[in-house]
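Have a look at the structure below before the remarks.
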Amino acid sequence: MSLAGFKSIPLPLAQCSLPAVLKCGQSFRWSVLTPSDTSESASASTSDIAKPDIKEPEAPRVEYRLCLKDRVVCLRQSPTAIYYRSVFPGTPSSNLIASESDATRDAETLAWLRDYFQLDIDLVALYKQWAEKDKVFSKFQERFEGIRILRQDPWENLVSFICSSNNNISRITKMVQNLCTYYSPSLLTLEHPFIADEVLAYHPFPPPSALAGSNAGQHLRTLGFGYRADFIQRTAKMLVDDHGLTTPQAPANPMEASEIWLLELRKSSTDDARAELLKFVGVGRKVADCVLLMSMDKKEVVPVDTHVYQIAVKQYGMKGSASGKPSMTPKLYEDINAKFKGIWGDYAGWAHTVLFTADLKSFATYGLPAGASPSPSSSPSPRKRTVKSDKMAASAPALLQRTSSDSPLKRKVFEDPLDENSLTEAKAELSTPELSKLVKDTEEHLSIVERVKRRKRNDKSAS
DNA sequence: AACATACCGACC
DNA sequence: GTCGGTATGT
């Protein structure tokens, strides 16, 4: 598979890692397509490969796709560049003659990419600053390169995070996909990049008016939204009712007035914008802060959930609650928020996302190159909660590739890289060099995890 | 103003 | 029983 038809943006992986950024729970709408993939949209599938094949940088075996209002953007990545192309309705891919409008469209897509990935922000420089200020961050930085905040559409982001309460990435992804499939018409269909004869349909994100109808709540329930169904319908209706009649900017603008109103909140202060967001149903402090950080340019905002609370306790020695189960009171929220802002400063929200991502089970072995020996402290802690509850389970040890002919055993190891049982079984069946390498890497990882555990125990009994 | 409980669905 | 929370009740 060549990169014919793709333009390139020279960019080191450390500035932006697509597999990390597009699957760490910021956007839920990118599909990740690989040669071994048999399903439609796959960011939740266990057969995904999390990293481009670095052994063959000229031919990445992963493609990422997102449907915008008027085009589908397709991306691939090598260690030194991002490759992009866009596909429009009604343009057969067999058209080999580049026209003038193609050049215009490429320029538009490039502009969109620079904005969406915020490529003018020097992430490497930010990492350096955070590492200087913060010992904990410096431990993780090398293994979790290229994790940056996307600049997403506020409406889409708001709905996605209303879905996120009491929920996991895998299910949120399915819900958002259902939303697009059933509430906006297909823009175009496109062949799978690696699997012949597989055709995929692409739907843009539906506008507020499409979800505001009084019947939407009930219908969304049947699509698996649960109690969040009414939140979404009512929020959509509030937007249409209260902000749907803004002076039409340009008739050609495909955005609805209420979407533009949300977009304009970028110009407000953090507190003002948050106050507006909190008026919607299903939007509390955490969801509002996610929207502020991820689509309103409020880079200093640190959304606090139970997960972030765990990091504050574990990594930064914040006092844990005696009864194990703390309720996230406004005061606790503020305390944690202030703590992280004090540590990381102006881009605290960006720094928080790096650690948040590093703590996902799916990234447990991310960035561990074969044979490399990470320092003991840089390995993620084997928190039971994370290991058991994170259903993303999409990533495998870096640099290793799954194939369609994987043995059941290899699959097992991939699906839970930290599970010692499957590892023991796998050792007895070192049939392929690839599997043996995987076992070696994972063993090394586990031994590090063990060392950390032991040290923790010793520290405790010593004090 | 600070807590408790229900809510929905998937998983252990 | 658990959970990347919020709304509603006391």
Side-chain angles (χ1 to χ4, degrees), chain A residues 23-28 43-46 147 149-150 152 157-179 217-235 238 274-275 277-295 301-314 321-337 340 349 352-363 383-394 415-416 418-419 421:
Chain A
K23 294 173 67 176
C24 67
Q26 293 189 56
S27 171
F28 302 94
S43 57
S45 156
T46 53
I147 296 170
I149 295 288
L150 301 171
Q152 300 185 66
N157 199 228
L158 176 63
V159 174
S160 300
F161 279 89
I162 289 175
C163 295
S164 75
S165 72
N166 270 324
N167 213 340
N168 56 60
I169 292 177
S170 160
R171 193 154 80 101
I172 300 166
T173 302
K174 284 183 198 128
M175 287 158 66
V176 170
Q177 190 187 328
N178 277 342
L179 200 64
Q218 195 179 342
H219 182 230
L220 286 171
R221 266 170 201 273
T222 70
L223 296 180
F225 282 72
Y227 61 89
R228 308 158 195 91
D230 295 309
F231 292 163
I232 290 171
Q233 183 271 329
R234 289 167 64 195
T235 292
M238 284 170 71
R274 182 186 290 123
L277 292 171
L278 288 173
K279 290 177 184 170
F280 297 113
V281 258
V283 180
R285 179 67 194 263
K286 191 265 178 177
V287 170
D289 280 359
C290 285
V291 175
L292 289 171
L293 173 65
M294 299 177 191
S295 57
V301 171
V302 178
V304 180
D305 51 33
T306 55
H307 208 152
V308 171
Y309 169 73
Q310 297 293 338
I311 294 175
V313 171
K314 190 128 201 154
S321 109
S323 58
K325 262 249 163 317
S327 63
M328 186 51 75
T329 61
K331 170 158 170 49
L332 181 55
Y333 192 108
E334 290 299 341
D335 286 352
I336 296 167
N337 202 277
F340 283 127
H352 133 277
T353 298
V354 177
L355 286 205
F356 180 88
T357 303
D359 204 50
L360 288 174
K361 175 214 162 187
S362 358
F363 290 86
R383 276 197 290 107
K384 187 179 172 192
R385 192 178 72 71
T386 301
V387 169
K388 298 206 107 162
S389 69
D390 175 15
K391 292 307 162 204
M392 213 164 93
E415 277 162 26
D416 193 354
L418 299 184
D419 177 21
N421 292 333

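Applying the side-chain hydrogen bond (donor to acceptor under 3.5 Å, both in side chains) rule to A/Ser165 yields the partners A/Tyr227; only residues at least two apart in sequence or on another chain are considered.
Looking at the side chain of A/Phe231, the nearest of the listed nucleotides B/dC3, C/dA7, B/dA10 is C/dA7. Considering only side-chain atoms of A/Ser165, the nucleotide from B/dC3, B/dC8, C/dG5 that sits closest is C/dG5. Of the listed nucleotides (C/dT8, C/dC3, C/dT6), C/dT8 has the atom at the smallest distance from the side chain of A/Arg234.
Atom P of nucleotide B/dA10 and atom CZ of A/Phe225 are separated by 13 Å, given to the nearest angstrom. With rounding to whole Å, A/Lys174 atom NZ is found 11 Å from B/dC11 atom C1'. Nucleotide C/dT2 holds its C1' atom 13 Å from the CZ atom of A/Arg171, rounded to whole Å. Counting to the nearest Å, the P atom of B/dA2 and the CE atom of A/Met328 are 15 Å from each other. Between the CG atom of A/Asn168 and the P atom of C/dG5 there is a distance of 11 Å, rounded to whole Å. A/Asp230 places its CG atom 17 Å from the P atom of C/dT6, with the value rounded to the nearest Å. Atom C1' of nucleotide C/dG5 and atom CD1 of A/Ile169 are separated by 16 Å, given to the nearest angstrom. In this structure, the CG atom of A/Asn166 is 13 Å from the P atom of B/dC7, given to the nearest Å.
For A/Tyr333 against C/dG5, no side-chain N or O and base N or O form a donor-acceptor pair under 3.5 Å.
Here the CG atom belonging to A/Leu355 is positioned 6.0 Å from the CD1 atom belonging to A/Ile311, to the nearest 0.5 angstrom. Atoms CG and NZ, on A/Asp305 and A/Lys286 in that order, are 5.0 Å from each other to the nearest 0.5 Å. Separation of atoms NE2 (A/His307) and CG (A/Asp359) is listed at 4.0 Å; rounding is to 0.5 Å.
A donor-acceptor contact shorter than 3.5 Å links the side chain of A/Arg171 to the backbone of A/Gly224.
Look at B/dC8: it lacks any Watson-Crick or wobble partner with both distances under 3.5 angstrom.
When heavy atoms are screened at a 4.0 angstrom cut-off, A/Arg285 is found touching the sugar-phosphate backbone but no base atom.
In terms of phosphate contacts, A/Thr306 brings a side-chain nitrogen or oxygen within less than 4.0 Å of OP1 or OP2 of C/dG5.
Mapping A/Phe161 and A/Val281 onto DNA chain C by nearest heavy atom places A/Phe161 closer to the 5' end of the strand. Both A/Leu278 and A/Gln26 lie near DNA chain C, and the one whose nearest nucleotide falls closer to the 5' end is A/Gln26.
Here, C/dT2 and B/dA4 have their P atoms 15 Å apart, quoted to the whole Å. Using C1' as the reference atom, B/dA10 and C/dA7 are 23 Å apart when rounded to the nearest Å.
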